[in-house]
Amino acid sequence: MTIPVRGAVLGGILLTAVTACPAGGGATTGTSGGETTTTTTGTTGTGGAPTTGTDPTDGVVTITGTSTGAPAPDLGGAATDSSTGDDSTTGAAQCPPPLAQPPGSWTSQIVPVEDDALTYVADEQDNRIADFSYAGYHRSEAPIPDVPTVLGIGPVAGDNTEHLQQAIDELGAMPAGVDGLRGAVLLGPGEYEIHGTVRLRHSGVVLRGAGDGDDPATSTILRAIGDEPHQRPVLVVGSGDNDRWQPELPNSRSDIVSARVPVGARTFEVADPSLYAVGDHVVIVHPCTEAWLAAVDHGGTGADGPWTVDSQPLVFKRQVMAIDGPALTVDAPVFNHLDRALSQAYVYRADRAGLVTEVGVEDLRIDIDTLGGDDEDHAWTAIAMRGVEDAWVRRFTALHFGFAAVTVQTGVQVTVAHARALDPVAQITGERMYNFDASGGQQVLFTDCHATRGRHHFVSNGTSYTSGVVFHRSTSTGANASSEGHRRWSMGLLYDNVVDAEPAKDKLVVLGLYNRGDYGTGHGWSLAHSVAWNYATGDGVAVIQQPPTAQNYAIGGSGTFSGDKPPAPFDQPAGYIEGAGQPGLVPESLFERQLAERLCER
């Protein structure tokens with residue numbers, strides 16, 4: 001029997017480390033394991049779900065893994081005995097009661113509710129909304145652990161960079177537990193001058209402060225001083241390698257032989273399944289060929305040169321959950337069609353040497369020392385997460401960065417929760433002020449975050465290596481540009497109950513699921529298969545346009561939604577817009593409902 005641990009409330013859903021389903025269980029959904037799919041043409045992908053078991057003494061359905069008698073494959077789940085719960089908005093969700101549909105409520109025509117479960121209607125191109133619930137630490141299947149403190153330090157006079165690094169490395173040299181955790185370094189209240197870069201480079205190590213407030217008597221403030229080296233990150237979490245999962249194990253590559261793997265699918269066939277085992281970490285690549293480029297209008301780059309062969313491969317880092325003959329089922333869906341007629345996709349086992357896992361930053365503040373105004377000679381990014389998996393940042397505040405408060409690069413299954421990215425200092429122009437950024441992150445959850453006075457507050461800046469990113473129940477104030485997929489075919493972004501307020505000017509485009517044409521360096525189609533769900537534009541405007549071979553969606557929400565030019569900067573077909581200004585959308589949160597249904601096998 002699994003003992004429930006303390007959880008949190010996410011939009012009315014109680015979050016715990018186990019999954020309790022209502023009497024009678026969930027609706028049967030066939031082989032999709034967490035969703036029912038309706039399609040107008042063709043067939044959509046299917047995939048397995050975590051193994052479940054019910055303890056007859058308490059009726060609790062638990063997510064289970066391999067028995068502990070022998071070494072188990074790494075299936076990405078957190079050990080429950082190390083997860084003591086937290087107050088963040090992640091963790092496996094208690095199965096919800098039936099979806100209430102009071103008078104005046106409505107459901108989307110393409111995500112209707114059938115037998116108390118969401119269904120997904122595909123269009124004539126097999127485009128449909130995918131399951132975004134795999135985002136976050138351990139795919140949001142377990143709460144972020146409260147890791148015990150092992151070392152504690154306080155501030156010293158002058159530069160504290162080496163002072164912090166020595167404590168982190170000392171803990172990193174200790175053996176990890178069976179759960180992969182070593183413990184936390186606790187930084188006592190006070191102000192710590194940081195003249196260099198601190199590196200959280202050991203798996204299982206947490207850097208914890210006393211709080212993220214502005215009073216050093218009660219909180220921990222890392223004050224970044226100086227500009228050596230120029231525009232450095234203050235804290236790097238992970239190996240530091242932004243290799244985009246390119247290292248592969250020898251003799252592990254096999255072609256995907258399925259004719260078409262549609263968006264949202266988790267299962268595909270390979271030429272040589274003997275190369276893989278359940279638990280393997282794999283990388284799926286759909287090469288950027290001339291045929292694919294022709295299908296997507298060579299990027300739609302306006303007056304700029306077209307995208308070129310090999311420039312934008314579609315890349316997904318995944319884990320093998322089941323093997324059935326030639327069919328592999330992976331842990332999360334692909335967020336774009338893999339079309340063999342356009343490109344021969346393949347899969348290989350990832351070389352994970354050096355990858356850092358089970359690391360976190362919590363309860364601290366990073367304040368970057370600047371001259372204000374347009375000053376750019378200062379530390380540039382508060383936290384850069386590079387080469388990480390199953391990591392988190394929570395209860396965190398950053399001020400006066402030039403690039404980002406948190407940027408995730410070559411990072412998978414990351415949660416950023418209860419974080420504030422405030423008042424960046426830089427020129428208000430390109431390559432700056434991306435308050436919360438995924439530049440090559442996959443399955444990343446930003447939840448309960450607040451951004452002020454930047455340019456692109458909630459953004460993918462990582463091209464076709466970025467997918468499955470969720471911005472959830474967050475707020476934006478004083479934006480100078482739009483939250484968006486910024487460039488070159490990011491995939492599968494979900495903006496779920498995000499609220500924009502007080503943009504820098506009226507009618508500013510505050511959300512862009514659209515074509516950026518010749519902006520920047522031929523940004524073109526900035527993203528595909530992405531969703532705005534119950535987004536509030538305030539005095540701004542959301543632009544939703546349809547890329548070739550794909551779709552973008554806005555469902556529910558308040559304010560102005562359009563696919564036309566203007567307000568769109570480039571003339572392209574409108575995306576799917578439904579129910580703007582109509583209150584009562586069911587479910588209120590797509591991410592929350594998808595997570596609950598998946599973990600209850602609805």
Side-chain angles (χ1 to χ4, degrees), residues 147 149 151-172 184-202 205-238 240 359-372 375 377-386 388 391-408 416-426 435-437 449-452:
V147 179
T149 297
L151 296 175
I153 62 174
V156 298
D159 184 9
N160 280 251
T161 306
E162 188 60 28
H163 180 50
L164 267 63
Q165 195 65 62
Q166 286 180 351
I168 291 168
D169 291 346
E170 180 180 346
L171 180 52
V185 174
L186 177 63
L187 306 182
E191 188 169 292
Y192 300 71
E193 287 189 13
I194 305 296
H195 294 203
T197 296
V198 177
R199 302 183 185 277
L200 195 61
R201 55 195 176 193
H202 308 281
V205 175
V206 174
L207 185 64
R208 176 183 298 138
D212 67 333
D214 59 5
D215 184 356
T218 55
S219 292
T220 299
I221 302 172
L222 306 188
R223 185 166 300 280
I225 303 294
D227 190 35
E228 292 292 335
H230 181 52
Q231 296 184 345
R232 72 189 189 276
V234 180
L235 178 60
V236 174
V237 179
V359 287
V361 178
E362 52 195 40
D363 297 304
L364 58 79
R365 184 182 190 95
I366 293 179
D367 192 345
I368 296 172
D369 195 46
T370 79
L371 297 177
D375 178 29
D377 294 327
H378 56 80
W380 208 233
T381 293
I383 296 179
M385 308 185 79
R386 297 176 184 147
V388 294
W392 68 89
V393 175
R394 59 176 172 172
R395 300 186 297 269
F396 168 72
T397 296
L399 301 96
H400 308 143
F401 48 90
F403 181 76
V406 180
T407 179
V408 182
V416 180
H418 314 308
R420 296 183 296 168
L422 310 178
D423 304 345
V425 173
N435 295 41
F436 292 103
D437 168 60
C449 294
H450 180 57
T452 67

Those residues that, when tested against [X], pass side-chain hydrogen bond (donor to acceptor under 3.5 Å, both in side chains) (two or more places apart):
X    : value
T218 : none
D159 : T161
R199 : none

Original post:
Considering the options I368, L187, V198, which one meets the side chain to side chain contact (heavy atoms under 4.5 Å, CB included) requirement together with L222?
Top reply: L187
Original post:
Which of these passes side chain to side chain contact (heavy atoms under 4.5 Å, CB included) with H378: I225, D369, V425?
Top reply: V425
What is the minimum heavy-atom distance between [X] and [Y], and which atoms define it?
X    : Y    : answer
E362 : W392 : OE1-NE1, 2.8 Å
V237 : V388 : O-CG1, 3.1 Å
A167 : L151 : O-CD1, 3.4 Å
V147 : R208 : O-NH2, 2.7 Å
C449 : V416 : SG-O, 3.5 Å

[X] side chain vs [Y] backbone, donor-acceptor pair below 3.5 Å:
X    : Y    : value
H195 : E228 : no
T452 : D423 : yes
T381 : I383 : no
T397 : R365 : no
D437 : A404 : no

Would you give the length of the straight line joining atom [atom1] of [X] to atom [atom2] of [Y], rounded to the nearest 0.5 angstrom?
X    : Y    : atom1 : atom2 : value
L207 : L200 : CG    : CG    : 6.0 Å
D214 : I221 : CG    : CD1   : 6.5 Å
L364 : L235 : CG    : CG    : 7.5 Å

**OP:** Assess the side chains of D169 and H202: does a donor N or O sit below 3.5 Å from an acceptor N or O?
**Re:** yes
Subject >> Residues R201, V236; criterion side chain to side chain contact (heavy atoms under 4.5 Å, CB included); working and verdict >> reply: CA-CA 8 Å; R201 55 195 176 193; V236 174; over 6 Å; no
Subject >> From CA spacing to verdict: side chain to side chain contact (heavy atoms under 4.5 Å, CB included), I194, I366 >> reply: CA-CA 10 Å; I194 305 296; I366 293 179; over 6 Å; no
With sequence neighbours excluded, what pairs up with [X] under the side chain to side chain contact (heavy atoms under 4.5 Å, CB included) test?
X    : value
P189 : A210
Q166 : E162
A426 : E376, W380, R432, M433
A398 : A382, F396, F401, A405

What residues form a salt bridge (charged side-chain N to carboxylate O under 4.0 Å, His left out) with [X], not counting sequence neighbours?
X    : value
D212 : none
R232 : none
D375 : none

**OP:** Show your reasoning for whether side chain to side chain contact (heavy atoms under 4.5 Å, CB included) applies to L422 and H450.
**Re:** CA-CA 8 Å; L422 310 178; H450 180 57; 4.1 Å; yes
**OP:** Mind jotting down which residue pairs meet the salt bridge (Lys or Arg N to Asp or Glu O under 4.0 Å) criterion with at least one end in residues 185-196? Sequence neighbours excluded, please.
**Re:** E191-R223
Original post:
Which residues satisfy the ring pair (Phe, Tyr, Trp, His ring centres under 6.0 Å) test with H400, sequence neighbours excluded?
Top reply: none
